[in-house]
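Encoded as structure tokens, the structure appears first; notes follow it.
Per chain, numbering begins at 1; letters A, B, ... match sequence-line order. Keep in mind that what you see is a predicted model, and the values were worked out from it rather than measured.
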There are 2 protein chains.
Amino acid sequence: MPIAQRESISASVTATKMRLLDVSGRLFAESGFDSVSLRLITENAEANLAAVNYHFGSKEELIAAVVEKLVGPVNQRRLALLRQINLDVSGACQSIVEAFIDPVIEAASRGDEEDQKFCKLMSRCIASRDERITSLVLRQFPEVLAKFVDALRLVCPWISSDVAHMRIMFMAGAMAHSLFHYDKLVIISEGRCEISSLDSLRDELVQFISAGMLADTSK
Amino acid sequence: MPIAQRESISASVTATKMRLLDVSGRLFAESGFDSVSLRLITENAEANLAAVNYHFGSKEELIAAVVEKLVGPVNQRRLALLRQINLDVSGACQSIVEAFIDPVIEAASRGDEEDQKFCKLMSRCIASRDERITSLVLRQFPEVLAKFVDALRLVCPWISSDVAHMRIMFMAGAMAHSLFHYDKLVIISEGRCEISSLDSLRDELVQFISAGMLADTSK
DNA sequence: AGAGAATTCAAACAAACGTTTAATTGAGTT
DNA sequence: AACTCAATTAAACGTTTGTTTGAATTCTCT
């Protein structure tokens, strides 16, 4: 039924196309990109099986659309937050770490979906082991990496360029891993670790990584 | 009727079976567990297509064999190293971190294969997003987690149980992520970061994580 | 209302997958 | 030499996958 077609004639994005994007993201978060079939997607989106190929061309292009829609805004927000930091004040290192992490937490909390789903999908993008995914994600990442390395080395002059690059990688890994698995911590710890909210996870991540960033081997 | 029977004679492991295990590990490291077909495995192992089902029962059991053969010894070595640590001396925190990381580095360097392949496979096991894999890996992990949490809290009494659990998770994430992606750092950094050996990566990991472990929020 | 583009639909496609089957080999035992 | 049984082989099985097709339907605009 034509209800929401009041606006935007030329730049029209079909309701079905948006539904496919939305459902795909939710299913990809749960089971990964490969495990989710087009049949499962189109059934959940109440669309025809051929809808994905019609609107996106192929499953691969659907995945690309989901990934880029997800990581693009996050990286832009990271750069925006980084620009706002006064690198001269003490605590600037923690601000850098927050500029990297908070865009993900914000996006997760802002979403109409549950936080978990978003975190899992984001984690699958950041730390994917699939070359087809990483090539999509890493396309935007060189700029982010370079800017954060520069900022980090301004705040911590004793860190070499190589070490700075590695530490950014450590940060990404710690974040991606814990974003994906933090809800399992209760089980793995056999009840010894209580459920932690996403916000408390964020706080601990910032503390841990900030301390790691400030580490001085030569000291 | 061929039956994939449990090894009544424990010493008898066929040459074909060992070749399948070896080739599977190498291929799984490159492309992941799902993407590698039994046909590709058996061709590379110069065995018949039915060989996997004959010797292991199913592909799933082959994966389980590969995973357990890989992560089992590493976890045992972790616990052994942890027991040897004198938790009273200064620098004990770094020793704990080393006890977690070094077994992986040792196994990678000891292998007859290239380091990269081993690291990628190990990383796929540790930080897998596939429930079927994580359930295998995490079976042994509660003991490791509990022991490392206890040791960490002895050395850093100001850390709560919840925070200790999270920091172990951060450590695993930083390690797994960098083990898998460190060889890509040259490309992502657009040449600004030189190739780093596995040993130098290990040293920086230890420095970074040790500092993170020692972080004191209340300070 | 009617022409034309855009979308949806059911059906079929070829390819790849893990698994199973039945026949065959080959060394060790009686 | 006949028998045994684990191991290997070629071939086929039934599913599932992404993709394509052509007709039917719905929407847009004059």
B:Phe100 six-ring centre to B:Arg78 NZ/CZ under 6.0 Å and within 45° of normal: yes
Below the 4.0 Å mark, does C:dT7 have OP1 or OP2 next to a side-chain nitrogen or oxygen of A:Thr14? yes
Looking at D:dT19, C:dC17, D:dT20, which one has an atom nearest to any side-chain atom of B:Arg39? C:dC17
Among C:dG18, D:dT19, C:dT21, which nucleotide sits nearest the side chain of B:Ala50? C:dT21
Whole-Å distance between C:dC17 C1' and B:Leu27 CG? 16 Å
Crowding at CD, B:Glu194 (>12 non-hydrogen neighbours, <6.0 Å): no
Here the distance between atom C1' of D:dT8 and atom CZ of B:Arg19, to the nearest Å, is 11 Å
Testing D:dA7, D:dT19, D:dA11 for proximity to the side chain of B:Tyr54, the answer is D:dA7
Does OP1 or OP2 of D:dT8 have a side-chain N or O of B:Thr16 closer than 4.0 Å? yes
Does NZ or CZ of B:Arg129 come closer than 6.0 Å to the centre of the six-membered ring of A:Phe180, within 45° of the ring's axis? yes
Kindly determine whether B:Lys184 and A:Glu131 satisfy side chain to side chain contact (heavy atoms under 4.5 Å, CB included), including the steps that lead there. CA-CA 11 Å; B:Lys184 295 198 192 77; A:Glu131 300 287 343; 4.0 Å; yes
Side chains of A:Ser161 and B:Arg192: do they bring a donor and an acceptor to under 3.5 Å? no
Can you see if the side chain of A:Asn48 gets near the phosphate of C:dA10 - specifically, an N or O under 4.0 Å from OP1 or OP2? yes
Measure from the side-chain heavy atoms of A:Ser37 and tell me the nearest of D:dT19, D:dT17, D:dA10. D:dT17
Atom CD of B:Glu46 and atom P of D:dT9: how far apart are they, to the nearest Å? 10 Å
Check the distance between D:dT19's P and A:Leu38's CG and give it to me in whole angstrom. 6 Å
Could you state the NE2-P distance from B:His55 to D:dT9, rounded to the nearest angstrom? 10 Å
Round to the nearest Å and state the distance from B:Lys59 atom NZ to C:dT20 atom C1'. 17 Å
Gap between atoms CG and C1', on B:Asn53 and C:dA22 respectively (whole Å): 16 Å
In this structure, how many angstroms lie between the C1' atom of D:dT9 and the CG atom of B:Leu49, rounded? 10 Å
